[in-house]
Amino acid sequence: MSVRVRFAPSPTGGLHLGGVRTVLYNYLFAKHHGGEFVLRIEDTDQSRFVPGAEEYIFNCLKWCGLEPDESPVHNGPYGPYRQSERKELYRSYAETLVTRGFAYYAFDTKEELEKMREELKTEENPSPQYDHRSRKNMRNSLNLTDNEVKELLEKNTPHVIRIKMSENDVVSFTDMIRGEISFQTGLVDDKVLLKADGMPTYHLAVVVDDYLMKITHAFRGEEWLPSAPVHLLLWKYLGWEASMPQWAHLPLILGPSGKLSKRDGAKYGFPVFAMNWTDLKTNELTEGFFEKGFLPEAFINLLAVLGWNDGTEKELYSMDELIASFDIKRVHSAGAKFDYEKAKWFNHEWIKRLPVADLRLQIESYFSASGIDVSDTAKFEQVIELVKDRCSLLPDFVQQGGFFFKAPVTLELDAVKPKWSEEKKQFFVEYVDVLKTISSWELMTVENAFKEMAAAKAIKPGELQLPMRVMLVGGKFGPAVFQIAEIIGKEETVKRMEYALSLF
RNA sequence: GCCGCGUUGGUCAAGGGGUUAAGACGCCUCCCUUUCACGGAGGAAUCACGGGUUCGAAUCCCGUACGUGGUACCA
């Protein structure tokens, strides 16, 4: 049987680091086994509908290179892939469960539920559940007579269908990452399966859809572990146990202070979403890795090894290498704290190893946004090659390479002033004159002229190089100074030096 | 509170009865470089705690602590 996995986000906001990693592990597992990766939209909560969120998810996946094989936009034989469009399907399954005695109708209103929770609430039990104890005192088909239930249903009384958790069983399963896990059913509440609006909850939908879509392996975040017994029981009660997927609950990705939140990102200055997301209600922007200047290759790479390794010392992986070596069983069971410094290191590594032409396409926009013309492709690529060792985020290229195309606006005078002298000034005035006479403008001719003149005047060349650098670059950074002069050309070099001399 | 999951340097982590307890990021020192980087060589820093089991425990078992998630007609 072919491997089929799914990622099932609810389109309610930005796509989190952890979400992307869940997609990634699903994707890698599917591709490693030659299977299919399905994207299903879990939009059963109408009240949380956010316009644009679904399209946003697709954009993120596209940028990451994690294209689904089947989805609302890719189609496939098991559609529709949006749960809101499958609404009619779910009710009959829920009703089958009622008929079989595994679920029941509950007519309790919001107020009645609140009242129950309020009354049962104690210091030891701050959050009472709708469970095998409390259901005895609620308005549901377990306590009402058949006629009463019939009548309520006929009158279209709002109601939900709840799973009837058994009182004293143990449910267990083998998680691909954590091994044997078991739960006492008596401690799990009677989760709602079908809501009053006729939509299924996640619990029903995930089981029905995984079954109908022939999902073989179900990977999801660790936050789902506590509700696993409900899902397990549903597979059993629906009579589908034999086709139940193998489960794996992925560890959480944590922030500097516990669970990684949007707030952490804002607070500590790093992205938590794959791409920029603006909350429609609050207008609050949460930065994305894309906009921050990460390469998708690096983003994928760093996420892959956050919680997984292949047992070797290898850390840098291309997508193909990940597909080849990924093994869900080698995923760590413990949560991992996200380290932004290391994330930047991955990006730096990928900047160094990516072909210049690829890099060029991804950084052009940063230059044009800064009003720098990089239409001379050959020169642009030469510059990229020269400065890429110094860039860990894509926007760094503007700082590190911009001066090749545009004279620095401000010069770091403090770097020169303390050691500046009339003697040095005289040197540069004369040097500029010499430069003007050079006919073959090359690195060696420029440098040799410099050294000869320095020797003649008995000044250490090193003491002169820094001022010259500041003249051409504006600051204390960048590649070899004569190389810069060679690339920007005679006219520009002379121009920058003469301007700088007027300031020093 | 209850339930689940987890706990190897600051962070990511290998190792799953006998190791000098790998490696990476970050940090520090030095070399290269009269800039900033890259690169190279070093360094500081770890098995949460307490009990067992065992000739021997980071590794197995039990407790405790701590962290984290769940405890919704959210996913």
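Chain identifiers are assigned alphabetically (A, B, ...) following the order of the sequence lines, protein sequences preceding nucleic acid strands; residue numbering begins at 1 within each chain.
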**OP:** Report the secondary structure of RNA chain B in dot-bracket form, marking unpaired bases with a dot and bases paired to a different strand with |, and treating Watson-Crick or G-U pairs with both distances under 3.5 Å as paired.
**Re:** ((((((((.[[[..)..(....]]].(((((.......)))))....[[[[[..)....]]]]])))))))....
Subject >> Interatomic distance at P, B/G26 relative to B/C60, whole Å >> reply: 32 Å
Original post:
From A/E95 CD over to A/I161 CD1, what is the distance, rounded to the nearest 0.5 angstrom?
Top reply: 5.0 Å
**OP:** Report which part of the nucleic acid A/N125 touches: base, sugar-phosphate, or nothing (heavy-atom distance under 4.0 Å, all strands).
**Re:** base
**OP:** Could you check if the base of B/C55 is syn or anti? Syn means the glycosidic torsion is within 90 degrees of 0.
**Re:** anti
Subject >> Distance below 4.0 Å between A/R48 side-chain N/O and B/A75 OP1 or OP2 >> reply: no
Subject >> Euclidean distance, atom NZ of residue A/K121 to atom C1' of B/A72 [Å, nearest integer] >> reply: 14 Å
Original post:
For A/Y268, does the OH atom have more than 12 heavy-atom neighbours from other residues, nucleotides or ligands under 6.0 Å away?
Top reply: yes
Original post:
NA contact type, A/P158, heavy-atom cut-off 4.0 Å: base, sugar-phosphate, or nothing?
Top reply: nothing
Original post:
So what does A/F346 hit on the nucleic acid, given a heavy-atom distance under 4.0 Å: a base, only sugar-phosphate, or nothing?
Top reply: nothing
**OP:** Select base, sugar-phosphate, or nothing to describe what A/I181 touches, counting heavy atoms under 4.0 Å on all strands.
**Re:** sugar-phosphate
Original post:
Going by the angle between their ring planes, with limits at 30° and 60°, are A/F403 and A/F477 parallel, tilted or perpendicular?
Top reply: perpendicular
Subject >> Length of the line joining A/F477:CZ and B/U33:C1', which is rounded to integer Å >> reply: 18 Å
**OP:** Find the distance A/I484:CD1 to B/C36:P and express it as a whole number of Å.
**Re:** 13 Å
Subject >> Spacing of A/H132 atom NE2 relative to B/U71 atom P, expressed in whole Å >> reply: 18 Å
Subject >> Plane angle bin for A/F326 and A/W308 - parallel if under 30°, tilted between 30 and 60°, otherwise perpendicular >> reply: tilted
Original post:
To the nearest Å, how far apart are A/M138 CE and B/C73 C1'?
Top reply: 12 Å
Original post:
Looking across every strand, which nucleic acid part, if any, lies under 4.0 Å from A/R220 by heavy atom: base, sugar-phosphate, or nothing?
Top reply: nothing
Original post:
Between A/F428 and A/F504, does a side-chain contact (heavy atoms from CB on, under 4.5 Å) hold up when you go through it step by step?
Top reply: CA-CA 11 Å; A/F428 279 107; A/F504 285 2; over 6 Å; no
Subject >> P-based separation of B/G39 from B/C25 [nearest Å] >> reply: 9 Å
Original post:
Which residue, A/R178 or A/D189, contacts RNA chain B at a nucleotide closer to its 5' end, judged by nearest heavy atom?
Top reply: A/R178
Would you tabulate the pairs of protein nitrogen or oxygen atoms and nucleotide nitrogen or oxygen atoms of nucleotides 67-69 of chain B closer than 3.5 angstrom?
none

Subject >> A/N140 side chain vs A/D108 backbone, donor-acceptor pair below 3.5 Å >> reply: no
**OP:** Measure from OH on A/Y104 to P on B/C73 and round the result to the nearest Å.
**Re:** 11 Å
Subject >> Rounded distance in Å between the C1' positions of B/U19 and B/U59 >> reply: 12 Å
**OP:** Side-chain contact test, heavy atoms from C-beta onward, threshold under 4.5 Å: evaluate it for A/R6 versus A/F219 and give yes or no.
**Re:** no
Subject >> Check: A/L354 main-chain N/O paired with A/D358 side-chain donor or acceptor under 3.5 Å >> reply: no
**OP:** For A/D108, report the nucleic acid contact type (base, sugar-phosphate, nothing); a contact means any heavy atom under 4.0 Å.
**Re:** base
Original post:
Between A/S84 and A/D43, do the side chains contain an N or O donor and an N or O acceptor separated by less than 3.5 Å?
Top reply: yes
**OP:** Decide whether A/R178 and A/H249 meet the rule of one side-chain donor and one side-chain acceptor closer than 3.5 Å.
**Re:** no
Original post:
To the nearest angstrom, how far is A/L187 atom CG from B/C3 atom P?
Top reply: 7 Å
Expected rows: protein N/O vs nucleotides 43-47 of chain B N/O, under 3.5 Å:
none

**OP:** Using the C1' atom as the reference point in each nucleotide, state the distance between B/G52 and B/A57 in Å, no decimals.
**Re:** 11 Å
**OP:** For A/V192, answer base if it contacts any base atom (sugar-phosphate contacts may also be present), sugar-phosphate if it contacts only those atoms, and nothing otherwise; contact means non-hydrogen atoms under 4.0 Å.
**Re:** sugar-phosphate
Original post:
Mind checking whether A/F273 and A/F289 have ring centres under 6.0 Å apart?
Top reply: no
**OP:** Answer yes or no on whether A/K342 is positioned over the face of A/Y340, meaning its NZ or CZ is under 6.0 Å from the six-membered ring centre and within 45° of the axis.
**Re:** no
Original post:
Does A/N143 reach the main-chain N or O of A/R139 with its side chain, forming a donor-acceptor pair under 3.5 Å?
Top reply: no
Subject >> Between A/D209 and A/Y81, a side-chain donor and acceptor under 3.5 Å >> reply: no
Original post:
Which part of the nucleic acid does A/S227 contact within heavy-atom distance under 4.0 Å: base, sugar-phosphate only, or nothing?
Top reply: nothing
Subject >> Rounded distance in Å between the P positions of B/A14 and B/G9 >> reply: 12 Å
Original post:
With a non-hydrogen cut-off below 4.0 angstrom, is A/S333 in contact with a base, only sugar-phosphate, or nothing?
Top reply: sugar-phosphate
Subject >> Ring center gap for A/F427 and A/F450 short of 6.0 angstrom >> reply: yes
Subject >> Donor-acceptor contact below 3.5 Å, side chain A/N301 vs main chain A/Y317 >> reply: yes
Subject >> Heavy-atom side-chain contact between A/L472 and A/M497 under 4.5 Å >> reply: yes
**OP:** Would you give a per-nucleotide map of nucleotides 8-15 of chain B, 5' to 3', where B means the base has a protein non-hydrogen atom under 4.0 Å away, S means only the sugar-phosphate does, and - means neither?
**Re:** ---BSSSS
**OP:** Return the 5'-most residue of the pair A/E124, A/Y202 with respect to RNA chain B, ranking by each residue's nearest nucleotide.
**Re:** A/E124
Original post:
Just checking, any donor-acceptor pair under 3.5 angstrom between side chains of A/S134 and A/D131?
Top reply: yes
Original post:
Are A/W224 and A/Y202 close enough that their ring centers fall under 6.0 Å?
Top reply: yes
**OP:** Taking only heavy atoms on the protein side, list every residue of residues 449-462 of chain A lying under 4.0 Å from any atom of RNA chain B, sorted numerically.
**Re:** A/K460, A/P461, A/G462
**OP:** Can you tell me, in whole Å, how much space there is between the C1' of B/C55 and that of B/U64?
**Re:** 29 Å
Below 3.5 Å between N/O atoms, which protein atoms pair up with nucleotides 38-42 of chain B? Just atom names and distances, please.
| from | atom 1 | to | atom 2 | distance (Å) |
| --- | --- | --- | --- | --- |
| B/C38 | O3' | A/K352 | NZ | 3.3 |
| B/G39 | OP1 | A/K352 | NZ | 3.2 |

Original post:
Taking the six-membered ring for Trp, are the ring centroids of A/F338 and A/F270 within less than 6.0 Å of each other?
Top reply: yes
Original post:
Contact class for A/A343 vs. all strands (heavy atom < 4.0 Å): base, sugar-phosphate, or nothing?
Top reply: nothing
Subject >> For atom CH2 of A/W247 and atom C1' of B/G4, their distance in whole Å >> reply: 15 Å
Original post:
When you measure from the centre of the six-membered ring of A/Y130, is the NZ or CZ of A/R162 under 6.0 Å away and within 45° of the axis?
Top reply: yes
Subject >> OP1 or OP2 of B/U33 under 4.0 Å from side-chain N/O of A/R469 >> reply: no
Original post:
Should A/L260 and A/H16 count as side-chain neighbours, where that means a heavy-atom distance under 4.5 Å?
Top reply: yes
